Amino acid sequence: MSVRVRFAPSPTGPLHIGGLRTALYNYLFAKKMGGQMLLRIEDTDQTRFVPGAEEYITEALAWAGIKIDEGVKEGGPKGPYKQSERKDIYKDYTRQLIDKGLAYYAFDTPDELDALRKSLEEAKVDNISYNAVTRMQMKNSLTLSEEETKSKIEAGEPYVIRLKVPLKEEIRFKDIVRDWVVVHSSTIDDKVLMKSDGMPTYHLANVVDDHLMEITHVIRGEEWLPSAPLHILLYKSFGWQAPQFAHLPLLLKPEGNGKLSKRDGILGDFPVFPLEWKDPASGEIARGFREDGYFPDAVVNFLAFLGWNPGTDQEIMNMEELIEAFDINHIHKAGARFDVNKAKWYNQYYLRQKPDEELAIDLQIEDSKLAVSLVKLMKERVTFTKEIKSQVPYLFNEIETYDQEIAQKKWDELAKNAMPEIISILNTIEIFESQNIHDALFTELEEKGIKPGKIMQALRLAITGQGKGPDLMLTIEILGKEKAISRINKALKIL
């Protein structure tokens, strides 16, 4: 059977960057194996549904270059791909389990469930749950007669459907990342499969959908590992072959202690979501990698190496190279520390590889020639495109202040005497380009007995107000002859 994987988020808010990594690993594996990737929206918990979250998820995946083969938008032969539209399907399968004696109706009220918990706590029972032992003390179709059960259902009395977990059974499965996992059934409670509102729980819907959609590999976060034995039990109850599982390592805080959270992003001043998100209820805005200025290929490269590596020293890989190199067996067990400085390093690398003209468009400057010149000036000095303008304010605004420390050190009599000579030289340059400016200044100043190296920082001070910065000759070119000379004259008056 062809490899088929799925990314199955819940539309309960913005997609965490860890969720994007999960989607990426699924995509890389599917494409490496010549298979398909599905996007399934798991919206069975309507109480947690957040407007706009589903659209956010699809937009984030598209931004990252993760192409979906089957899904809500794309369609496909195994739809619907939204669980809320598959309600009747789940009812049929819970009925199968009831008919087999592997699931049962439970009519317990919230008060009765609370009473069970309290009694178990008072008895100091280690495993406080609704299970093979405690179920026989409760109000369900195992303790009620068939007639009583039928009567309650026909009367419209609320009920849930629970899985009848065996008391003594060893559940084993081999996880691709974590090797063999062994759990005893006595540690698993009789999970609810169908809620009183007629909607399935995650566990039932997940297993039924993965089977019907012919999912061969379930690649998901480590937080779902405790649920895996229950899912294996469900597959066995239905008589189905379970897919192969791979539970991915956590994304850890920058310090390495604990799972990466939204709060870590706030404290560390970095985003933990792929795109910006505005909470429809509170209006609170969460930062996104896209809006912070990260390129999608840089984020993808960064995420791919958080929990996996190709087994070589190569760190820079585009999507095609990642697909070619991806080996699911090279995923690490240990959590991956989220180092935002590494993300910035990737972004800086990808920025430098992009054509000047492409970056110039992002500057949104009407003068395209000026924009390209700015890119050339700043490309090697910035991490994000937006910094190209913000780090050179003197190119867009008049100088109001000068670096006084540099002025005291470098604006000496030699510098003051050299400035009129520099003005004279600049006036003679017909093609006002950086190389011509450099050659004219350095040649003619030397001829006049002035060593250029001794007065260049003073010239920078006059031109920019600062003591350091990007290429001075290109800065002068961008400013233009008239403005450059005007600034030198202004400095002679003020300093």
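Note that the coordinates shown come from a computational prediction; the quantities given were computed from them, not determined experimentally.
- Under a 4.0 Å N-O distance rule, the pair D209/R6 does not qualify as a salt bridge.
- Side-chain atoms of E291 do not come within 3.5 Å of backbone N or O of R287 as any donor-acceptor pair.
- Expressed to the nearest 0.5 Å, how far CD1 of I478 lies from NZ of K376 amounts to 9.5 Å.
- If you take NZ on K174 and CD on Q244, they are separated by 9.5 Å, rounding to the nearest 0.5 Å.
- No donor-acceptor distance shorter than 3.5 angstrom exists from the side chain of Q137 to the backbone of T134, with no hydrogens or angles considered.
- In plain terms, the two heavy atoms of P243 and V218 that are nearest each other are CG-CG2, 3.6 Å.
- Of all heavy-atom pairs spanning L474 and S373, the tightest one is CD2-O, 4.0 Å.
- Annotation: side chain of Y27 is not in contact with side chain of V5 (no heavy-atom distance under 4.5 Å).
- Contact check for P200 versus Q83: no side-chain heavy atoms found under the 4.5 Å cut-off.
- Going from atom NZ of K164 over to atom CG of L193 covers 13.5 Å, rounded to the nearest 0.5 Å.
- Ion pair E222/K333 not flagged as a salt bridge, since none of the NZ, NE, NH1 or NH2 atoms sits closer than 4.0 Å to an Asp/Glu carboxylate oxygen.
- Salt-bridge formation is detected for the pair E380/R352: a Lys NZ or Arg NE/NH1/NH2 atom is positioned less than 4.0 Å from an Asp or Glu carboxylate oxygen.
- Checked against a 6.0 Å centroid threshold, the rings of F289 and F273 do not count as neighbours.
- Pairing each heavy atom of Y81 with each of L39, the nearest pair is CB-O, 3.8 Å.
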Problem set entry | side chain to side chain contact (heavy atoms under 4.5 Å, CB included) assessment of N257 paired with L252 | CA-CA 6 Å; N257 55 340; L252 303 176; over 6 Å; no
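- With respect to E122 and R117, no salt bridge is recorded, no charged nitrogen being found less than 4.0 Å from a carboxylate O.
- For the pair H332 (side chain) and A334 (backbone), a donor-acceptor distance under 3.5 Å is absent.
- Annotation: E55, atom CD; neighbour count of heavy atoms from other residues, nucleotides and ligands within 6.0 Å is above 12.
- For the pair K354 and F295, the distance from NZ or CZ to the six-membered ring centre is under 6.0 Å and the angle to the ring normal is within 45 degrees.
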N/O donor to acceptor pairs below 3.5 angstrom from side-chain atoms of residues 71-80, sequence neighbours left out:
{"unit_1": "K78", "atom_1": "NZ", "unit_2": "E214", "atom_2": "OE2", "d": "3.2"}

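- In this structure, F245 and H247 have parallel ring planes: the angle between them is below the 30° cut-off, well short of the 60° mark.
- Residues D189 and S129 share a closest heavy-atom pair of CB-CB, 3.5 Å.
- Using a 4.5 Å heavy-atom cutoff, the side chains of L248 and R220 are not in contact.
- Between H217 and F29, the distance from one ring center to the other falls under 6.0 angstrom.
- Ring centroids of W240 and H211 are separated by less than 6.0 Å, placing the two rings close together.
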For this session: Go through L377 and T475 one step at a time and tell me if the side chain to side chain contact (heavy atoms under 4.5 Å, CB included) criterion holds.
Result: CA-CA 7 Å; L377 178 70; T475 300; 3.4 Å; yes
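- You'll find the ring centres of W180 and F173 outside the 6.0 Å limit.
- No donor-acceptor pair closer than 3.5 Å links the side chain of D269 to the backbone N or O of G265.
- Exactly one residue among K31, Q36, R4 makes a side-chain hydrogen bond (donor to acceptor under 3.5 Å, both in side chains) with D69. That residue is K31.
- Looking only at distances, a side-chain donor or acceptor of T201 sits under 3.5 Å from a matching main-chain atom of V192.
- Side-chain contact of Q241 with Y235: a donor-acceptor pair under 3.5 Å is absent, judged by distance alone.
- Between the side chain of D108 and the main chain of N140, no donor-acceptor pair closer than 3.5 Å is present.
- A cation-pi contact, defined as under 6.0 Å to the ring centre and within 45° of the axis, links R162 to Y130.
- Rounded to the nearest 0.5 angstrom, N26 CG and I328 CD1 are separated by 8.0 Å.
- Remark: the backbone N or O of Q314 is paired with a side-chain donor or acceptor of T312 at under 3.5 angstrom.
- Of all non-hydrogen atoms in P51 and W277, the two that sit nearest each other are O-CH2, 3.8 Å.
- Annotation: side chain of L204 is in contact with side chain of V208 (closest heavy-atom distance under 4.5 Å).
- Taking the centre and axis of the six-membered ring of F384, the NZ or CZ atom of K386 falls inside the cone set by 45° and 6.0 Å.
- Inter-residue side-chain proximity for I406 and R460 is flagged as unmet; no heavy-atom pair is nearer than 4.5 Å.
- Every residue meeting the side-chain hydrogen bond (donor to acceptor under 3.5 Å, both in side chains) condition with N301, not counting sequence neighbours, appears here in chain and number order: Y350.
- Residues E112 and T109 are in side-chain contact: their nearest non-hydrogen atoms beyond the backbone lie under 4.5 Å apart.
- If you look at F338 and F270, their ring centroids are closer than 6.0 Å.
- No salt bridge links K82 with E42; every basic N to acidic carboxylate O contact stays at or beyond 4.0 Å.
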Problem set entry | side chain to side chain contact (heavy atoms under 4.5 Å, CB included) assessment of F302 paired with V300 | CA-CA 5 Å; F302 168 62; V300 163; over 6 Å; no
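- One finds the CH2 atom of W224 at 11.0 Å from the OG1 atom of T22 (value rounded to the nearest 0.5 Å).
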For this session: Take D210 and R40 through the side chain to side chain contact (heavy atoms under 4.5 Å, CB included) test and state the conclusion after the steps.
Result: CA-CA 10 Å; D210 281 349; R40 185 173 71 227; 2.9 Å; yes
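- Within the 6.0 Å centre-distance limit, the rings of Y25 and F326 are counted as a close aromatic pair.
- In terms of modelled atom types and a separation under 3.5 Å, the side chain of T216 and the main chain of V3 share no donor-acceptor contact.
- Between the Y346 side chain and the N341 main chain, no donor and acceptor come within less than 3.5 Å of each other.
- Y105 has its side chain within reach of I98: a pair of non-hydrogen atoms, C-beta onward, lies under 4.5 Å apart.
- Defined by atom type and a distance below 3.5 Å, a donor-acceptor pair is missing between the side-chain atoms of T383 and N347.
- When all heavy atoms are compared, the tightest approach of A304 to L24 is N-CD2, 3.8 Å.
- In terms of modelled atom types and a separation under 3.5 Å, the side chain of E321 and the main chain of N318 share a donor-acceptor contact.
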What pairs of donor and acceptor atoms, side-chain ones from residues 355-367 against any protein atom, are under 3.5 angstrom apart with sequence neighbours left out?
{"unit_1": "D356", "atom_1": "OD1", "unit_2": "K379", "atom_2": "NZ", "d": "2.9"}
{"unit_1": "D367", "atom_1": "OD1", "unit_2": "K369", "atom_2": "N", "d": "3.1"}
{"unit_1": "D367", "atom_1": "OD1", "unit_2": "L370", "atom_2": "N", "d": "3.1"}

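- Between Y294 and P274 there is no side-chain heavy-atom pair separated by less than 4.5 Å.
- Distance CG/L303 to CG/L251: 7.5 Å, rounded to 0.5 Å.
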